[in-house]
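Below is one structure, written out as structure tokens; comments come after it.
Not measured: the values here are computed from a predicted model.
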Amino acid sequence: MLDRDGFRPNVGIILLNQKNQVFWGKRIRTHSWQFPQGGIDRGETPEQAMFRELHEEVGLQPNHVRLVARTRDWLRYEVPDRYIRRDARGHYKGQKQIWYLLQLIGHDWDLNLRATDHPEFDAWRWHDYWVPLDVVVEFKRGVYEMALTELARYLPRHEQRNRYLRSGMRARDVEPQGGPMHRAGSLLLNPGVELPPGASFDPDPQNSVPAELEVLPLPGMVPRSI
């Protein structure tokens, strides 16, 4: 389902925890990290698509989150020709997205990267709100910056606990700002690929295909989101 300009309607999700850290997922069998996102099916509203993608990609239900805000209008990015099948070039141009800001009111253990047979992520962690865009696939970086900037004004306020060390408390006893540390060290995915501390790893399913390498079908068919 494309609009007249060749953009497919899509939704993006910025999921917060109670510390205003964001869900940061590693694309399956790739070195890139990103937020959950996915296409809007025919007959769906953007909000309906967002809750469907939330379950399919991270295993959460509507009762696990609180809707905080959304972008006012579509944010667009173009997909380079090398990611588009030759017979789809000239028809498909890229994605137009509505971005949603959600806050998790459930628990970390409610998240499930294997909620479907076609997982998008094989690892995840909580990260500071301003994520490093250099690990996002290049053609999506502009949209990420626009979405984060527009939605930053709606970040929920929260108490700054342990702002000062109490007398006698050792600095190493304080949790680092980068996110909850599971004290399991860095997890080695395969030679040369190392997760940051605090990340959670889910082994790659045998029959999965890197989403960034998927090609788009002919016009009239529903392409997968990239």
Side-chain angles (χ1 to χ4, degrees), residues 1-15 22-58 67 69-102 116-122 124 129-152 154 207-226:
M1 184 175 66
L2 305 178
D3 67 13
R4 66 178 64 183
D5 297 316
F7 287 89
R8 185 189 180 202
N10 193 281
V11 293
I13 301 171
I14 300 175
L15 176 66
V22 295
F23 173 94
W24 200 221
K26 188 181 100 45
R27 294 300 299 269
I28 197 165
R29 293 183 178 177
T30 73
H31 296 267
S32 63
W33 291 68
Q34 71 166 54
F35 296 128
Q37 72 170 69
I40 300 174
D41 292 338
R42 189 176 300 277
E44 278 188 322
T45 65
E47 186 170 316
Q48 289 170 337
M50 179 271 292
F51 281 119
R52 176 178 52 77
E53 290 292 338
L54 183 70
H55 174 69
E56 291 178 359
E57 297 200 359
V58 299
L67 178 56
R70 54 157 279 181
T71 55
R72 291 167 293 180
D73 205 349
W74 300 100
L75 304 180
R76 292 172 171 81
Y77 66 80
E78 296 185 10
V79 176
D81 283 349
R82 67 181 179 274
Y83 290 99
I84 305 175
R85 218 167 63 182
R86 288 185 179 180
D87 48 14
R89 293 173 187 173
H91 303 281
Y92 177 82
K93 192 172 184 179
Q95 306 276 6
K96 65 176 185 180
Q97 299 179 313
I98 295 293
W99 280 84
Y100 288 87
L101 183 66
L102 307 178
T116 70
D117 295 331
H118 305 285
E120 295 289 337
F121 304 110
D122 59 18
W124 73 276
Y129 182 81
W130 297 104
V131 293
L133 297 183
D134 58 339
V135 295
V136 178
V137 64
E138 186 176 2
F139 58 85
K140 295 181 181 180
R141 294 174 187 173
V143 163
Y144 270 52
E145 184 175 2
M146 287 188 290
L148 287 166
T149 301
E150 181 176 346
L151 296 174
Y154 302 107
N207 298 323
S208 60
V209 177
E212 296 297 339
L213 300 183
E214 292 179 358
V215 294
L216 293 165
L218 291 169
M221 298 178 66
V222 178
R224 288 182 60 82
S225 168
I226 67 174

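Every residue two or more places apart in sequence or in another chain that forms a side-chain hydrogen bond (donor to acceptor under 3.5 Å, both in side chains) with Glu44 is listed here: Arg52. Listed by chain and number, the residues in a side chain to side chain contact (heavy atoms under 4.5 Å, CB included) with Glu47 are Thr45, Met50, Phe51, Leu67, Tyr100 (sequence neighbours excluded). Applying the side chain to side chain contact (heavy atoms under 4.5 Å, CB included) test to Lys93 and every residue at least two apart in sequence or in another chain returns Phe7, Glu78.
For Phe23 and Phe35, the distance between ring centers is not under 6.0 angstrom. Checked against a 6.0 Å centroid threshold, the rings of Phe121 and Trp24 do not count as neighbours.
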Next item on the list: Report the C-alpha distance between Ile13 and Gln37 in whole Å, list the side-chain angles of each, state the deciding distance to 0.1 Å, and finish with yes or no for side chain to side chain contact (heavy atoms under 4.5 Å, CB included).
Entry: CA-CA 6 Å; Ile13 301 171; Gln37 72 170 69; over 6 Å; no

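Other residues, nucleotides and ligands place no more than 12 heavy atoms under 6.0 Å from the CD atom of Glu145.
Counting only heavy atoms from C-beta outward, the side chains of Pro9 and Met1 approach each other to under 4.5 Å.
Leu15 CG to Leu101 CG: the interatomic distance, rounded to the nearest 0.5 Å, is 9.0 Å. Note that the CG atom of Leu75 and the NZ atom of Lys140 stand 14.0 Å from one another [nearest 0.5 Å]. Between the OG1 atom in Thr116 and the NE2 atom in His55 there is a gap of 7.5 Å [rounded to 0.5 Å]. Here the straight-line distance linking atom CZ of Arg72 with atom CG of Leu151 works out to 9.5 Å at 0.5 Å rounding.
The closest side-chain donor-acceptor pair between Gln97 and Arg76, if any, does not fall under 3.5 angstrom.
Remark: Lys96 is positioned above the aromatic ring of Trp74, its terminal NZ or CZ atom under 6.0 angstrom from the ring centre and at most 45 degrees off the axis.
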